[in-house]
Protein chains: 2
Amino acid sequence: MLNDRSLAVSQECANCPIKHRAVCARCDGNELERLEEIKYYRKFEAGQTVIWSGDRMDFVGSVVSGIASLTQTMEDGRTQMVGLLLPSDFVGRPGRGTAAYDVVATTDLVMCCFRKTPFEDLMSKTPHIAQRLLEMTLDELDAAREWMLVLGRKTAREKIASLLSIIARRNATSGGTGFKNTVVFDLPLTREAMADYLGLTLETVSRQISALKRDGVIELEGKRHVTIPDMYRLLEEAGDDADGGVFA
Amino acid sequence: MLNDRSLAVSQECANCPIKHRAVCARCDGNELERLEEIKYYRKFEAGQTVIWSGDRMDFVGSVVSGIASLTQTMEDGRTQMVGLLLPSDFVGRPGRGTAAYDVVATTDLVMCCFRKTPFEDLMSKTPHIAQRLLEMTLDELDAAREWMLVLGRKTAREKIASLLSIIARRNATSGGTGFKNTVVFDLPLTREAMADYLGLTLETVSRQISALKRDGVIELEGKRHVTIPDMYRLLEEAGDDADGGVFA
DNA sequence: CGTCTGATTGAGCTCAGTCAAATTGGGTGG
DNA sequence: CCACCCAATTTGACTGAGCTCAATCAGACG
């Protein structure tokens with residue numbers, strides 16, 4: 001089966017698709033061997049919950065493929081996504097015993113997990129891991145702060161444009177020939193997930209997407225396949241400085 | 001002068017008021033000596049800008065006393081606070097050359113600074129610093145995510161209550177005798193700063209504070225001195241689980 | 001072909017924003 | 001000590017972006 005195949009492929013760190021960006025990116029051969037001893041893969045289907053907030057968490061790990069989301073929920077059911085986990089992103093916090101957020105597989109998901117205690121031991125002996133984790137955590141903090149500006153100060157239209165920019169930036173295959181600022185991708189999120197990301201209702205998300213389509217900022221094929229004919233235009237709509245050269 | 005005195009007092013790491021919580025908290029005597037060699041103090045008055053976003057940043061440092069804020073500004077002037085820096089909090093990012101945010105002294109401020117390059121060198125040789133910085137960054141990330149829930153999903157009233165809770169939790173001297181959930185503190189932020197923190201306008205902040213006062217959730221003496229007669233009540237208003245035992 | 005989930009669209013309402021006018025309170029100079 | 005000034009804050013009236021409730025639509029799957 002495809003699933004078995006894909007697992008088999010990623011079984012070896014040497015072939016791992018995220019080896020250049022994950023927590024283990026800085027590790028040398030020896031360190032990788034140690035990690036390899038304590039690692040194991042877990043797969044989740046779209047919609048499945050990886051962990052519930054408050055649950056005991058005895059592993060940490062990296063997203064290998066697929067997308068997961070970190071969400072917080074209030075007693076009355078209001079929910080806010082607080083993290084979007086893409087391949088190579090790290091899940092879990094060394095030194096903490098319980099999950100602070102719900103982690104949900106947004107798409108089918110493969111994770112490379114390490115039992116927490118051995119990982120922590122290894123980390124204390126392996127500065128390369130801690131270094132890389134610090135770097136990644138600082139990046140996440142920057143992303144979170146960017147996101148706070150979106151949540152606190154942007155309009156619904158700007159929020160949608162911002163989210164599309166973010167996804168485009170990561171997921172993008174520039175469509176067509178030559179030098180162009182056209183970008184094409186598939187939305188990995190439902191309208192509801194987008195709403196939870198942006199602090200909106202799903203109706204507002206839908207309306208704003210329709211409006212952006214009507215205004216020619218985006219093109220849709222089906223509900224999920226998106227074409228951005230002019231990335232600069234989208235960045236403008238997002239309220240971001242469409243400043244520096246190519247979006248990189 | 002008082003200023004000189006307070007500087008003199010904190011000149012030695014041994015007497016430093018934040019030594020247990022700052023980046024240097026894990027350092028041993030030897031490591032502290034090295035840090036001491038490259039450190040220097042800087043003072044800012046309330047309202048002064050410490051750094052502008054985009055500026056070259058050749059130092060990093062810790063807040064020793066006072067409060068600073070990290071803010072992001074859009075071209076049209078909308079601003080969002082993305083970090084509130086209290087004593088012991090770290091400013092700057094090792095490995096980055098320019099400031100990503102505006103840093104502004106919200107009150108009079110004393111910082112313990114390190115030139116960036118020597119600090120980075122020291123950090124690569126001193127796991128204790130990197131360890132502590134990782135810990136602090138993970139805490140900040142948690143705080144940022146908490147804040148994202150506030151920005152994305154809470155009502156104006158809940159936002160104000162949340163902010164007051166946060167300040168109360170840190171700044172608090174429980175007022176009066178015996179076991180009680182009464183808390184007293186001075187607001188270190190103007191209405192405008194609170195608005196920037198919470199993604200509101202200053203008028204809305206003012207209105208909601210008035211409403212909370214009217215409803216007996218808080219008491220005001222002057223504009224800044226706040227009494228929380230019942231901390232649990234406030235936590236309820238914040239929409240947080242007023243769950244676990246004493247707020248700790 | 002019915003069903004079910006996700007998405008779109010509409011109508012009306014509400015909370016928070018905008019614009020504008022008081023009010024407060026601390027600081028200053030006479 | 002008092003009159004005045006200025007910045008911060010409060011309050012009011014009105015507006016509108018985004019929410020709620022509800023109906024409809026589209027595509028996937030059995």
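All chains are named by letter (A, B, ...) in the order of the sequence lines, taking the proteins before the strands, and each is independently numbered beginning at 1. Bear in mind the structure is a predicted one, so any value in this text is a computation, not a measurement.
Atom-to-atom, CZ of A/Arg191 to C1' of D/dC19 comes out at 18 Å; the value is rounded to the nearest Å. A straight line from CZ of A/Arg153 to P of C/dA16 spans 13 Å, rounded to a whole angstrom. C/dG17 atom C1' lies 13 Å from atom CZ of B/Arg78, rounded to whole Å. For A/Leu189 and C/dG6, the CG to P distance is 13 Å, given to the nearest whole Å. Atom NZ in B/Lys154 sits about 18 Å away from atom C1' in C/dA16, given to the nearest Å. Taking atom CZ on A/Arg224 and atom C1' on D/dG27, their separation rounds to 12 Å, with Å as the unit. Atom CD of A/Glu192 and atom C1' of C/dT8 are 15 Å apart (whole Å). Regarding B/Lys223, its NZ atom lies at a distance of 9 Å from the P atom of C/dG26, rounded to whole Å.
Taking five base pairs at each end of the helix from C/dC1-D/dG30 to C/dG30-D/dC1 and finding the rotation axis that steps the C1' atoms of four pairs onto the next four gives two axes whose angle is 30°, to the nearest 10°.
Sorted pairs that involve residues 46-69 of chain A and meet ring pair (Phe, Tyr, Trp, His ring centres under 6.0 Å), not counting sequence neighbours, are lacking altogether.
Of the possible polar contacts, one joining the A/Asp76 side chain to the A/Arg78 backbone as a donor-acceptor pair under 3.5 Å is found. Remark: the backbone N or O of B/Leu212 is not paired with any side-chain donor or acceptor of B/Asp215 at under 3.5 angstrom.
Contact annotation: the side chain of B/Gln72 never approaches that of B/Ser53 to less than 4.5 Å [non-hydrogen atoms, C-beta and beyond]. Two residues are said to be in side-chain contact when any heavy atoms from C-beta on lie closer than 4.5 Å; A/Leu151 and B/Gln80 fail this criterion.
The pair B/Glu203-B/Arg207 fails the salt-bridge criterion, with no side-chain N (NZ, NE, NH1 or NH2) lying under 4.0 Å from an Asp/Glu carboxylate O. By the 4.0 Å N-to-carboxylate-O rule, A/Lys159 lies too far from A/Glu237 to be salt-bridged with it. Between A/Lys223 and A/Asp186 there is no salt bridge, since no side-chain nitrogen of the basic residue lies less than 4.0 Å from a carboxylate oxygen of the acidic one. The pair A/Lys213-A/Glu219 fails the salt-bridge criterion, with no side-chain N (NZ, NE, NH1 or NH2) lying under 4.0 Å from an Asp/Glu carboxylate O.
Note on A/Arg157: nothing from the nucleic acid sits closer than 4.0 angstrom, heavy atoms only.
Near DNA chain C, defined here as any heavy-atom distance below 4.0 Å, the residues from residues 195-210 of chain A are A/Leu202, A/Glu203, A/Ser206, A/Arg207, A/Ser210, listed numerically.
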